[in-house]
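Step one of this worksheet: look at the structure below.
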Amino acid sequence: MSADIQRSIDAVWRIESPRLIAVLTRMLRDVGVAEELTQDVLVTALEHWPRRGVPDNPGAWLMTAAKRRAIDFLRRRKVLERKHAQLGHELESEQGQPAADIEASMDDEIGDDLLRLMFVACHPVLSTDARVALTLRLLGGLTTGEIARAYLQPEPTIAQRIVRAKRTLADKKVAFEVPRAAELRERLDSVLEVIYLVFNEGYTATAGDDWMRPDLCGEALRLGRVLVGLMPGEAEVHGLVALMEIHASRERARVDAEGRPVLLLEQNRAQWDRLLIRRGLDALERAAKAGLAGPYTVQAMIAACHARALTVQATDWVRIAQLYETLAQMTPSPVVELNRAVAISRAFGAQSGLDLVDALAADQALDNYHLLPSVRGDLLGMLGRVDEAREEFRRAAALAGNARERQLLLQRAADCGREAASS
């Protein structure tokens with residue numbers, strides 16, 4: 001197979017596989033079987049396309065093949081006789097249609113099917129880890145091996161997690177539907193949580209040798225854009241997309257030529273992607289029009305404060321501190337309080353921030369969170385207490401799981417040592 005054909009198949013598959021799985025899951029009411037049949041269609045494409053060329057409308061070709069496999073499956077198993085008759089009639093009416101016509105006749109279904117699949121993959125009966133893995137597998141188009149590499153776990157572990165998730169959905173007889181109003185909020189929150197977690201893992205990797213995993217950021221942003229197109233009336237969907245767009249705009253500036261982390265206040269803001277910032281600010285406006293601000297929208301508002309500031313000095317730290325206070329009231333969390341302390345230190349002085357950080361340290365909720373000593377080291381350094389700052393950076397490095405971040409923290413500790421020696 002030529003490299004060009006392989007790249008074409010890979011590109012088409014990333015785009016089309018969620019659509020195929022979504023449609024087959026609606027037909028079969030079993031996400032596991034739907035995925036297996038979709039994989040069979042990929043095998044068929046790999047056999048036919050290198051010899052005959054990629055079809056003019058590859059999505060329609062794959063969809064037609066997938067639907068026919070689903071109908072054959074229902075016939076063999078004699079499942080859902082009424083559905084079998086309905087789908088058999090549908091097949092008869094489709095035979096002889098051009099592939100493009102078949103795809104066009106299904107366009108009104110695909111959007112709803114993708115939305116249903118997203119809610120199934122992120123159903124609250126599954127653990128967070130299972131939701132993330134299943135979402136990436138079904139909607140992100142990632143292979144099990146790619147997901148395993150992204151989370152630095154053995155491939156069999158991820159495979160078992162996905163199998164168990166699909167089995168749980170089948171055992172619990174989870175309906176393939178968008179939940180009704182009474183359940184929508186719980187289910188939507190779960191969907192947004194998973195997309196947010198996936199983006200965060202890509203934005204700042206918790207472990208491994210790379211500071212960022214751009215592919216994960218891209219997949220999360222793609223899923224968010226799909227969701228906002230399908231649920232345009234939900235303010236928090238717009239808010240999450242706004243947050244991801246603005247954060248993604250900093251990607252080029254967050255690492256140097258050697259892949260080392262560059263902290264926010266040290267980034268070259270000329271490298272920020274102004275198009276993504278504009279998209280994020282537009283999404284933030286849509287969130288404001290759609291309803292009351294929730295946690296994702298408030299976080300997007302904080303990100304927007306940074307995005308609008310062309311220099312560090314122009315940053316509205318007072319506004320950011322106020323927004324973190326609002327966020328803390330919505331979602332009380334020691335991590336939010338730590339971020340609020342940073343904003344307060346910039347707005348009102350390092351000692352004000354340090355007082356809050358010391359109160360958090362006394363509470364012990366963040367004892368193993370490496371960013372607590374990192375922030376404390378930064379504030380101590382601003383106050384000229386470089387010996388104490390050095391020890392905090394060393395403690396933060398010992399707690400950090402990411403190799404790049406650990407190197408950065410050790411470098412900051414060494415810098416403190418040089419400052420102490422020269423004073």
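Values below: every heavy atom of this structure, side chains too, minus hydrogens, waters and symmetry copies.
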Any chance you could measure [X], atom [atom1], to [Y], atom [atom2], to the nearest 0.5 Å?
{"X": "Glu36", "Y": "Ile21", "atom1": "CD", "atom2": "CD1", "answer": "11.0 Å"}
{"X": "Leu327", "Y": "Asn339", "atom1": "CG", "atom2": "CG", "answer": "8.5 Å"}
{"X": "Leu138", "Y": "Thr38", "atom1": "CG", "atom2": "OG1", "answer": "9.0 Å"}
{"X": "Thr204", "Y": "Met212", "atom1": "OG1", "atom2": "CE", "answer": "7.0 Å"}
{"X": "Ile277", "Y": "Leu284", "atom1": "CD1", "atom2": "CG", "answer": "12.5 Å"}
{"X": "Arg161", "Y": "Arg137", "atom1": "CZ", "atom2": "CZ", "answer": "14.5 Å"}

[X]: salt bridge (Lys or Arg N to Asp or Glu O under 4.0 Å) partners, not counting sequence neighbours:
{"X": "Arg69", "answer": "none"}
{"X": "Glu193", "answer": "Arg131"}
{"X": "Asp189", "answer": "Arg185"}
{"X": "Arg376", "answer": "Asp358, Glu392"}

Is the shortest side-chain heavy-atom distance between [X] and [Y] below 4.5 Å?
{"X": "Val120", "Y": "Thr25", "answer": "no"}
{"X": "Asp387", "Y": "Cys416", "answer": "no"}
{"X": "Leu221", "Y": "Glu245", "answer": "yes"}
{"X": "Arg19", "Y": "Asp113", "answer": "no"}
{"X": "Gln271", "Y": "Val262", "answer": "no"}
{"X": "Thr44", "Y": "Trp61", "answer": "yes"}
{"X": "Cys122", "Y": "Arg187", "answer": "no"}
{"X": "Leu169", "Y": "Val125", "answer": "yes"}

Verify the neighbour count for atom CG of Asp171: are there more than 12 heavy atoms of other residues, nucleotides or ligands below 6.0 Å?
->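 It does: Asp171 CG has more than 12 such atoms within range.
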Under 6.0 Å from the CG atom of Leu275, do we count more than 12 heavy atoms belonging to anything else shown?
->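 Yes, because the 6.0 Å sphere around CG of Leu275 holds more than 12 heavy atoms from other groups.
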Over all atoms of both residues, closest heavy-atom pair of [X] and [Y]:
{"X": "Ile147", "Y": "Ala133", "result": "CD1-O, 3.6 Å"}
{"X": "Val198", "Y": "Ala220", "result": "CG1-CB, 3.9 Å"}
{"X": "Ala293", "Y": "Met330", "result": "O-CE, 3.1 Å"}
{"X": "Leu134", "Y": "Ala121", "result": "CD2-CA, 3.9 Å"}
{"X": "Ser345", "Y": "Val342", "result": "OG-O, 2.6 Å"}
{"X": "Pro261", "Y": "Leu408", "result": "CB-CD2, 4.0 Å"}

Glu236 side chain to Thr297 main-chain N or O, any donor-acceptor pair under 3.5 Å?
->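 Judged by distance alone, yes, a pair lies under 3.5 Å.
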Please lay out, stage by stage, how Glu251 and Arg254 fare under the test salt bridge (Lys or Arg N to Asp or Glu O under 4.0 Å).
-> CA-CA 5 Å; Glu251 180 182 325; Arg254 293 190 76 235; over 6 Å; no
Please enumerate all residues that pass side chain to side chain contact (heavy atoms under 4.5 Å, CB included) together with [X], with sequence neighbours excluded.
{"X": "Asp210", "answer": "none"}
{"X": "Val163", "answer": "Arg167"}
{"X": "Arg260", "answer": "Asp256, Glu258, Arg404"}
{"X": "Ala159", "answer": "Thr144"}

Could you tell me whether Arg278 and Asp282 make a salt bridge, using a distance below 4.0 angstrom between a side-chain N and a carboxylate O?
->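 Looking at Arg278 and Asp282, the cut-off is met.
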Cationic N near anionic O, under 4.0 Å, Arg412 to Asp378 =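 Salt bridge flag = yes for Asp378 with Arg412.
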Run the side-chain contact (heavy atoms from CB on, under 4.5 Å) check on Leu310 and Arg269 step by step: do they pass?
-> CA-CA 7 Å; Leu310 298 181; Arg269 299 188 177 208; over 6 Å; no
Within residues 341-362 or reaching into it, pairs that qualify as ring-ring contact (aromatic ring centres under 6.0 Å, His included) - sequence neighbours excluded |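 Pairs touching residues 341-362 that pass the test: none.
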Would you list the pairs meeting ring-ring contact (aromatic ring centres under 6.0 Å, His included) in which at least one residue belongs to residues 294-313, sequence neighbours left out?
->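 Passing the test, one end in residues 294-313: Tyr196-Tyr296, His306-Trp317.
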Residues in ring pair (Phe, Tyr, Trp, His ring centres under 6.0 Å) contact with Phe199, at least two apart in sequence or another chain =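 For Phe199, the residues satisfying ring pair (Phe, Tyr, Trp, His ring centres under 6.0 Å) (neighbours in sequence not counted) are Tyr203.
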Let me see the working for Val237 and Leu230 under side-chain contact (heavy atoms from CB on, under 4.5 Å), right down to the final yes or no.
-> CA-CA 10 Å; Val237 176; Leu230 297 172; over 6 Å; no
Which residue, Leu188, Thr135, Val226, forms the side-chain contact (heavy atoms from CB on, under 4.5 Å) with Met118?
->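 Of all the options given, the one that passes is Val226.
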Show the numbers, then the answer: is there a side-chain contact (heavy atoms from CB on, under 4.5 Å) between Leu281 and Ile246?
-> CA-CA 8 Å; Leu281 295 178; Ile246 295 172; 4.3 Å; yes
Hey, can you pull the donor-acceptor pairs under 3.5 Å for the side chains in residues 359-373, sequence neighbours left out?
unit_1, atom_1, unit_2, atom_2, d
His370, NE2, Glu405, OE1, 3.2
His370, NE2, Glu405, OE2, 2.8

Where do Leu216 and Leu136 land on the side-chain contact (heavy atoms from CB on, under 4.5 Å) test, with the steps shown first?
-> CA-CA 9 Å; Leu216 287 182; Leu136 286 175; 4.1 Å; yes
